[in-house]
Amino acid sequence: MSADPRLLLADLLRTALASVAPDHAGVSITLERPKQASHGDFSTNLALQLAKPLRRSPRDLAALLMAELPASMLVAKVEIAGAGFINFTLATAAKTAVVGTVLAQGARFGRGADTGVKVLLEFVSANPTGPLHVGHGRGAAYGASLAAVMDFAGHAVSREYYVNDAGRQMDILALSTWLRYLALFGIEVPFPPNAYQGAYVVDMAGEMRSAHEARFAKCTAADVLAGVTDVAADKEAHLDGLIANAKRLLGQDYLWIHDFALTEQLGDCREDLEGFGVAFDTWFSEKSLFDTGLVARAVAELEKRGHIYVQDGAKWFRSSSFGDEKDRVVQRENGLFTYFASDIAYHLNKYERGFDRVIDIWGADHHGYIPRVRGAIAALGLPPEKLEVALVQFAVLYRNGQKAAMSTRSGEFVTLRDLRTDVGNDACRFFYVLRKSDQHLDFDLDLATSQSNENPVYYIQYAHARVCSVLAQWGGVARDLLDADAAQLASERELGLCARLAAFPEAVQSAAADYAPHQIAFYLKDLAGEFHSWYNAERMLVEDEAQMMARLALAAAVRQTLANGLALLGVSAPSSM
RNA sequence: GCGCCUGUAGCUCAGUGGAUAGAGCACUGGCCUCCGAAGCCAGGGGCCGCUGGUUCGAUUCCAGCCAGGCGCGCCA
């Protein structure tokens, strides 16, 4: 017999079932916590499920099951209700035992047993071509919270950021920086409209001048523009022409600028994320996939397996044979691999590292990408079901009731850093995960800043601070609360709080299984609400010593659970505010 | 056109094959000589987009329609 009421009840029901309907002994028994207190602590629809196969009325079946149910000290009452539900009311001692459990386990309360499942969680992975904006913030908050939740649920989680350091976007950034730098020396090349406009590019140019003076300014504007397509004719070709000239004119120095810009932006990004409480175990370089030959190997492997054909000089992956709507180019006519090719290699690498589950968190705009990546995995002979893609809808920022633009290239964006400064990390992290990730999120900056005291995060933190305050006034030793007699807890609110605490480990498991950290946020809101309600109804610092200790122990258990939950969301649990 | 997401209270959103569908905001009225009023208590407010199907039971699952958002490059 288990001490966990849920498992205990399942055992009891299974025993009863074996005698009532031995043929159906294998049926899965679900026990849920009823929404209504009058329906007891746990409820099962077992009789309703079996009514049809056994050709008996649900209520009759429920009565039979109830009659065969072994007695238990932990069960106070069993009732048949409604259409045929069997409702269980636990003995008070079984309900209040959780207080001691929480206090004894402390920060570990709610943590699931080690599952041994190795999970790779890749998220953010924004191009290091400029500051993170509020859209990236959501992916960061969601990914970090999900990683924490899955880790807490018992999985071995690796957090990874894929650095797109090999593509054209990085070349555009390097070019942009160089052009700004040249301008500092009076070499005025018209700045392309589709280059990176942001002030941070000018800042980097300034740093280059400080450190290297005129080292990279040994050419004229005419050199830079030599043979370049007119911007009015084709602005993308114009950009590519400038990049080609930059590479030719600068030689090895081009790589220096490229790497400088990359290091600066990636460092900025990393610092920003760390400030946001978002940490990674690995920063995985796209470029390394080319350097180690993995991209070529991945494409060769597809070719060997007969999934590649050549058309118009390019190599195409026959992804349409693997569920994609059409075939995709992996190697262009000019010999360069596409982004898709390096992504195939990246996923091959992820699989080769031996994870049980590979989770990609992508912006919802990438959803069309899923079939081709999954298809490539299948084509490589790997199990595609190991890959799971969690799509995060974009966060749309509203300011003065209007959408705020968020294009990195135009330079007109609201950065994550600005948002964090205005709103604060705690409210930001909480706000981001308050919505289901696949829902559009309207982030109202005016509301979040001017009326931040209305943010639900404060409601939860306030509950935590209140407990801290009461415990401070009590002034005793926290350890003594472990010896409190929980049987002193008898009111409906107190028992309700105990049930809520007992549900925390289940909330963690559910949030992990559904990839839904917002469930933790809602759990915490409920827990804080029930605490505030109790706090206003009953005093803790009462004359009766035993009662006071029991109530303080419950309060301390609430505080611990709030802290554990907030930690999963990356939100602080202040002792005063 | 095709694909994905969404439609629940005035607004922003949870939720569930099951019992009387919830919260916050907003609105109305109460509660600080009393552990923190960033709190609590009470009240109004709903064809859970529409139609059909599966089911003992559908707001939930399936199909079709209506409405909104996003995505559909030899870009990344």
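We name chains A, B, ... by the order of the sequence lines, and we start the count at 1 in each one.
Residue ring and base: A:Y462 does not count as stacked with B:G39 (centre distance below 5.5 Å and interplanar angle below 30° not both satisfied).
Relative to the six-membered ring of A:Y535, A:R466 meets both conditions, a distance below 6.0 Å and an angle of at most 45° to the axis.
Pairing for B:G36 is absent, judged as Watson-Crick or G-U wobble with the two contacts each under 3.5 Å. Base-pair partner of B:C2: B:G71 (Watson-Crick or G-U wobble, both distances under 3.5 Å). Under the Watson-Crick or G-U wobble criterion, with both distances below 3.5 Å, B:C61 is paired with B:G53. Base pairing of B:G10: its partner is B:C25, meeting the Watson-Crick or G-U wobble criterion (both donor-acceptor distances under 3.5 Å). Pair check for B:G46 finds none; no Watson-Crick or G-U wobble contact set falls under 3.5 Å.
One finds no side-chain N or O of A:R551 lying less than 4.0 angstrom from the OP1 or OP2 phosphate oxygen of B:C35. The shortest distance between the side-chain N/O atoms of A:Q49 and the OP1/OP2 oxygens of B:C56 is not below 4.0 Å.
The glycosidic torsion of B:C4 lies more than 90° away from 0, placing the base in the anti range.
What separates CZ of A:F531 from P of B:C35 is a distance of 14 Å, to the nearest Å. What separates OH of A:Y459 from C1' of B:U12 is a distance of 17 Å, to the nearest Å. For A:R59 and B:A19, the CZ to C1' distance is 11 Å, given to the nearest whole Å. Between A:H518 atom NE2 and B:C13 atom C1' the separation is 10 Å, expressed in whole Å. Rounded to whole Å, atom C1' of B:C32 lies 12 Å from atom CZ of A:R539. Distance, A:Q519 CD to B:C13 P: 18 Å, rounded to whole Å. We find that CZ of A:F85 is positioned 12 Å from P of B:G17, with the value rounded to whole Å. The distance between atom CD1 of A:I460 and atom C1' of B:A23, rounded to the nearest whole Å, is 12 Å.
Across all strands shown, A:N87 has heavy atoms under 4.0 Å from base atoms, whether or not it also approaches the sugar-phosphate. Note on A:S57: nothing from the nucleic acid sits closer than 4.0 angstrom, heavy atoms only. When heavy atoms are screened at a 4.0 angstrom cut-off, A:E530 is found touching no nucleic acid atom at all. At a threshold of 4.0 angstrom between heavy atoms, the contacts of A:S575 include nucleobase atoms, whether or not backbone atoms are also involved. Residue contacts shown for A:A465 include a base, since a base heavy atom lies under 4.0 Å away. Residue contacts shown for A:S533 are limited to sugar-phosphate atoms, with no base heavy atom under 4.0 Å away.
Distance noted for atom P between B:C13 and B:G69: 14 Å (whole Å). Rounded to whole Å, the separation between the P atoms of B:A58 and B:C11 comes to 28 Å. With C1' as the reference atom, B:A37 and B:C32 are 7 Å apart, rounded to whole Å. Atom name P, nucleotides B:A63 and B:C5: the rounded distance is 11 Å, in whole Å. Between the C1' atoms of B:G44 and B:A9, the separation comes to 11 Å (whole Å). A distance of about 15 Å separates the P atoms of B:C50 and B:C66, rounded to the whole Å. B:A42 and B:C25 have their P atoms separated by 15 Å, with the value rounded to a whole Å. Comparing the same atom, C1', in B:C65 and in B:U12 gives a spacing of 28 Å after rounding to whole Å.
Side-chain atoms of A:N164 and A:S125 form no donor-acceptor pair, as typed in the model, at a separation below 3.5 Å. A:H347 and A:D360 form a side-chain donor-acceptor contact under 3.5 Å, judged by distance and modelled atom types alone.
In the set B:C41, B:A38, B:A14, B:A38 carries the atom at the smallest distance from any side-chain atom of A:Y458. The side chain of A:K525 lies closest to B:A23, out of B:G36, B:A14, B:A23. Counting only heavy atoms from C-beta on, A:K52 has its side chain closest to B:C56 among B:A38, B:C56, B:A14. Of the candidates B:C35, B:A19, B:C40, the closest approach to any side-chain atom of A:K35 belongs to B:A19. Taking the side chain of A:K436 as heavy atoms from C-beta on, and the options B:C13, B:C35, B:G15, the nearest nucleotide is B:G15.
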With B for base contact, S for sugar-phosphate-only contact and - for none (protein heavy atoms under 4.0 Å), nucleotides 71-76 of chain B reads SSSBSB
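Taking the six-membered ring for Trp and thresholds of 30 and 60 degrees, A:H136 and A:H133 have nearly parallel ring planes, at less than 30 degrees apart. Note: A:Y346 and A:Y162 have parallel aromatic rings, judged against thresholds of 30 and 60 degrees for the angle between ring planes. Taking the six-membered ring where the residue is Trp, A:Y309 and A:W316 present parallel rings, their angle staying beneath 30° rather than reaching 60°.
The 12-atom threshold is exceeded at CD of A:E385, counting heavy atoms of other residues, nucleotides or ligands nearer than 6.0 Å.
Of the two residues near RNA chain B, A:M540 and A:R493, the one whose nearest nucleotide lies more 5' is A:M540. Both A:Q393 and A:A528 lie near RNA chain B, and the one whose nearest nucleotide falls closer to the 5' end is A:Q393.
At least one donor-acceptor pair closer than 3.5 Å links the side chain of A:R429 to the backbone N or O of A:L569.
A:Y432 and A:Y142 have their aromatic ring centers separated by at least 6.0 angstrom.
Between A:D343 and A:R372 there is no salt bridge, since no side-chain nitrogen of the basic residue lies less than 4.0 Å from a carboxylate oxygen of the acidic one. Ionic pairing of A:E538 and A:R493 is not present here: no N-O contact between side-chain nitrogen and carboxylate oxygen is shorter than 4.0 angstrom.
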